[in-house]
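Encoded as structure tokens, the structure appears first; notes follow it.
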Amino acid sequence: MNQDYLNELNEPQRQAVECTEGPVMIIAGAGSGKTRVLTYRIAHLLNLGADAFQIMALTFTNKAAREMKDRIALLAGNEARNLWMGTFHSVFARLLRADAERLGYPSNFTIYDTDDSKSLLKAILKENNLNDKTYKPSTVLARISSAKNNLLSWREYLQDEELMTSDQQAGRPMMGKLYELYCKRCFKSGAMDFDDLLYNTYLLLDKFPDLLHKYQGRFHYLLVDEFQDTNRLQYMIVKRLAARHENICVVGDDAQSIYAFRGANIENILTFGKDYPDHKVFKLEQNYRSTSNIVNAANSIISNNRNQLPKVVWTANEQGHKIKMLRALSDNEEGSIIADLIYSERMTHQFRYHDFAVLYRTNAQSRAIEEALRRRNLPYRIFGGLSFYARKEVKDLLAYFRLAINPHDEEALRRVINYPARGIGNTSVDRLIAAAGEAEVSVWEVINNIDQYKTGIQTAAREKISAFAAMIKSFHVMLPTHAAYDLATYIAKQTTLLHELYSDKTPEGVSRYENIQELLNAIREFTETGKTALPAPSEEATGDDSRTLDAFMSDIALLTDNETKKEDDNADHISLMTVHMAKGLEFKQVFVAGLEENLFPSMLSLNEREDLEEERRLFYVAVTRAEKKLYLSYAATRYRWGNLTHSEPSRFLEEISPEYLDQPAVSHNNEENEGWNHGAEKRQGWFKNQFNNKQGRFKPLYKTASPHPEISFDADDPKDIVVGAEVIHARFGQGKVMSIEGNHPDAKATVFFQGHGNKQLLLKFARLKIV
DNA sequence: GGAGGCCTCGGAAGG
DNA sequence: CGAGGCCTCC
């Protein structure tokens, strides 16, 4: 191992790597070498003689885990294979496979993905005659998820008066009952959903001191990546595991916390400080990624957030180009401007396509940009969308595999009991489920012994059901004796699924058939080498070198990421993705599109300070993706849900200190203010429109008594603002114009605000009102 | 069982 | 507007 590796680190990085004992928190600013520190720290531990089997390192995404593993392997070689390193879910699933039986689950339990969970909830709603509008499966699931992530069992939920009352008042009194039914049904199916993987891990450690003891003794070192994204439950588990040795190292950046909306709990950072009062903090503040203009602009944005840990991100990099503002009249023009700029930048400065990324807030925005790129024949790739394993035909075949392994898996059963069609209709299925519910057994139990249950199903259908059961059983007995690929192809043929897809000669049908072939190829590769081109369970994750189908399937449900085969990965293309997807990535040139009020920040974020601050962190993430050049664009009009809407520039734009901005706004047409003159007026119409929308019923747009109102009013024309005028600013309140420099529309004013001091504001963005 | 019409609804998204 | 779910009709 390269002994000089410590010299490759700056001072705080080196300290963070070398401080191996005791609780440590590393606050890592954007682009400050976070992954480098994590990987070097682990390599350093190994170098000092720590056993890889004693190190647990947890990440959020498969991609992050893979990257880190690869990088550690470069530093520390083969030993890296023995690390307990992976996503929270995959590491805990591995732990559960060993001991889930103590909780009453089979060791070959199924993992339900979100689709399975929603589908189960839908079935439960139907059986209980509940309206799936009132109880939207996604909403119910979110509620259940949040309960589990706060360590609240369904029993506790039902006994919690506050929760019961609030559900009652929200018109959803059955929420707790649904939680109960959902849990019981999963359990009966021998299935865990994503949250159960965490929740049951916690239970296991909580209920069985011998296990807790074993793992506490085993894991001398724990590391958590993206700590700002952990929820309470994840933190609680890690804390328990670390309790013996207390060598726990968490790495994160509060400024990049953008997942609070799905339960991430930034409070964990504070809790960590309380739980480990003697912990050491290291701050990585030097940014190696971006020009100083970009770093400073990002700082000026994030300084508008009230909730943040003190830190100063800086860079020794060159000042670089100022940030370019791009103004368009429409979403289509925005796409054209961006496409033209990419074209000319690439031609004149010898960039490659992969140096460019276009980031946006919502997926719907990709269309206009895509069209512009396509018209110019510029190669691009859109990231996001369905993962390979989420495709219908793939899930169908996987459902058969799942049934072969765990026939109690009700979601898999419902999915394929009549696909391909074998004459078992909805009525029969409903009756099977009803009988199973009555007898409190799994549906498979009923199917397998159909004559012992009063289902009311006709003899003809009963025979078909029995034939189906016999087929599944025949697969089941083949599991231990057949290689994964042999059994997989056998099942694909035997169920006639392969034939069904083959006979569909429409382009979609052909593509579905190809996907199935790709899945089978992946299984073949797994069978032969233990590895696959598709993201698949690694050999060490499966525990031994058996290449059976259940080994392949053991955590396939956890492979939700989008990367499929890297066939055209070498192709040079522009990247299009949401800001969320861009987290952790970097590009030489970044375009952030759609910087408009109600879009970025999203309209849904405007009611609560916390939501708006998360939105601002999201903007911070977007800005800090850029290495060399950053462009921020906005459009005066945009099609949203089929309606032409007018918008005004995002408040975030005026939060950037003007000194980092390049002035002239670019427009294809030279019509200076066309499209903006009536912005305020039209914006009101847009607001009203949205308020009357169904959304408004659940989450009112206006909150009357917000503790820190960000005032909303109609701005005056910038041209009317003169030195000495008293003005109102949405966030800073009332102030006085001290001086104005430059010419309209790019005039810049210095305004003194009580309590905020002098602020430099670009008048065209500041939306000032004259008192 | 499948095609086609109608209705609804729309945020970002990992495992 | 457009995707997806559901119902109806053959």
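Below, read A as the first sequence line, B as the second, and so on, with proteins coming before strands; counting in each chain starts at 1.
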- What integer distance in Å separates A:Leu585:CG from B:dA13:P? 13 Å
- Query: Just checking, any donor-acceptor pair under 3.5 angstrom between side chains of A:Asn515 and A:Glu393?
  - Reply: yes
- Task: Answer with base, sugar-phosphate or nothing: what part of the nucleic acid does A:Gln365 contact at a heavy-atom distance below 4.0 Å?
- Result: nothing
- Quick note, A:Arg367 side chain, CB onward, closest among B:dA13, B:dG15, C:dC1 is C:dC1
- Round to a whole Å and report the spacing from NZ of A:Lys126 to P of C:dC7. 8 Å
- Note on the structure: Here the distance between atom C1' of B:dG14 and atom CG of A:Asp115, to the nearest Å, is 14 Å
- Message: Between B:dG14 and C:dA3, how far apart are the two C1' atoms, rounded to whole Å?
- Response: 23 Å
- Task: Send over the distance from A:Tyr360 OH to B:dG11 P, rounded to a whole Å.
- Result: 14 Å
- Task: By nearest nucleotide on DNA chain B, pick out whichever of A:Glu614 and A:Phe60 is the more 5' one.
- Result: A:Glu614
- Query: Roughly how many Å is it from CG in A:Leu198 to C1' in B:dG14, rounded to a whole number?
  - Reply: 11 Å
- Task: Please tell me which of the listed nucleotides, C:dG2, B:dG11, C:dG5, lies nearest to the side chain of A:Arg361?
- Result: B:dG11
- Atom P, compared across B:dA13 and C:dG4: separation rounded to whole Å: 15 Å
- From CH2 of A:Trp641 across to P of B:dC9 the rounded distance in Å is 12 Å
- What orientation do A:Tyr259 and A:His580 show, parallel under 30°, tilted 30 to 60°, or perpendicular over 60°? tilted
- Results of salt bridge (Lys or Arg N to Asp or Glu O under 4.0 Å) for A:Arg422 - residues two or more places apart only: none
- Proximity of A:Phe227 and A:Tyr235 rings by center, below 6.0 Å: yes
- To the side chain of A:Lys133, which of B:dC9, B:dA12, C:dG5 is closest? B:dC9
- Message: Side chain of A:Leu558 only, heavy atoms from C-beta on: which candidate in B:dG15, B:dG10, C:dG5 is closest?
- Response: B:dG15
- Query: Under 4.0 Å: is that the gap between some side-chain N or O of A:Asn62 and OP1 or OP2 of B:dG15?
  - Reply: yes
- Would you check if A:Phe261 stacks with the base of B:dG11, given a 5.5 Å centroid limit and a 30° plane limit, both strict? no
- Does B:dA13 have OP1 or OP2 sitting under 4.0 Å from an N or O in the side chain of A:Thr578? yes
- Separation of atom CG in A:Leu386 from atom C1' in B:dA13, rounded to whole Å: 13 Å
- Item | Among B:dG15, B:dA13, B:dG10, the nucleotide that comes nearest once only the side chain of A:Asp195 is considered | B:dG15
- Evaluate whether atom CZ of A:Arg367 has more than 12 neighbouring non-hydrogen atoms of other residues, nucleotides or ligands under 6.0 angstrom away. no
- Which part of the nucleic acid, if any, lies within reach of A:Asn363 when heavy atoms closer than 4.0 Å are counted: base, sugar-phosphate only, or nothing? sugar-phosphate
- How long is the line joining CG of A:Leu599 and C1' of B:dG10, in whole Å? 13 Å
- Query: Heavy atoms under 4.0 Å, any strand shown: does A:Ser602 hit a base, just sugar-phosphate, or nothing?
  - Reply: base
- Item | Contact summary for A:Val590 and A:Ala626, nearest pair of heavy atoms | CG2-CA, 3.6 Å
- What is the nucleic acid contact for A:Thr560, judged by heavy atoms within less than 4.0 Å: base, sugar-phosphate only, or nothing? base
- Query: What nucleotide, of C:dC6, B:dG11, B:dA13, holds the atom closest to the side chain of A:His580?
  - Reply: B:dA13
- Message: Once you apply a heavy-atom cut-off of 4.0 Å, does A:Phe194 come out as touching a base, just sugar-phosphate, or nothing?
- Response: base
- Message: Under 5.5 Å centre to centre and under 30° between planes: does that hold for A:Tyr259 and the six-membered base ring of B:dG14?
- Response: no
- Per side-chain hydrogen bond (donor to acceptor under 3.5 Å, both in side chains), A:Lys583 is matched among A:Thr624, A:Thr578, A:Asp229, A:Thr61 by A:Asp229
- Query: On DNA chain B, nearest-nucleotide positions of A:Ser90 versus A:Glu615: which is more 5'?
  - Reply: A:Glu615
- Task: Give a yes or no on whether A:Phe187 atom CZ has more than 12 heavy-atom contacts from other residues, nucleotides or ligands under 6.0 Å away.
- Result: yes
- Item | Residues A:Glu410, A:Arg414: salt bridge by 4.0 Å N-O rule | yes
Collect all protein-nucleotide pairs involving nucleotides 1-3 of chain B in which both atoms are nitrogen or oxygen and the distance is under 3.5 Å.
{"unit_1": "B:dG1", "atom_1": "OP1", "unit_2": "A:Asn418", "atom_2": "ND2", "d": "3.1"}

- Base B:dG15 to side chain A:Thr114, donor-acceptor N/O within 3.5 Å cut-off: yes
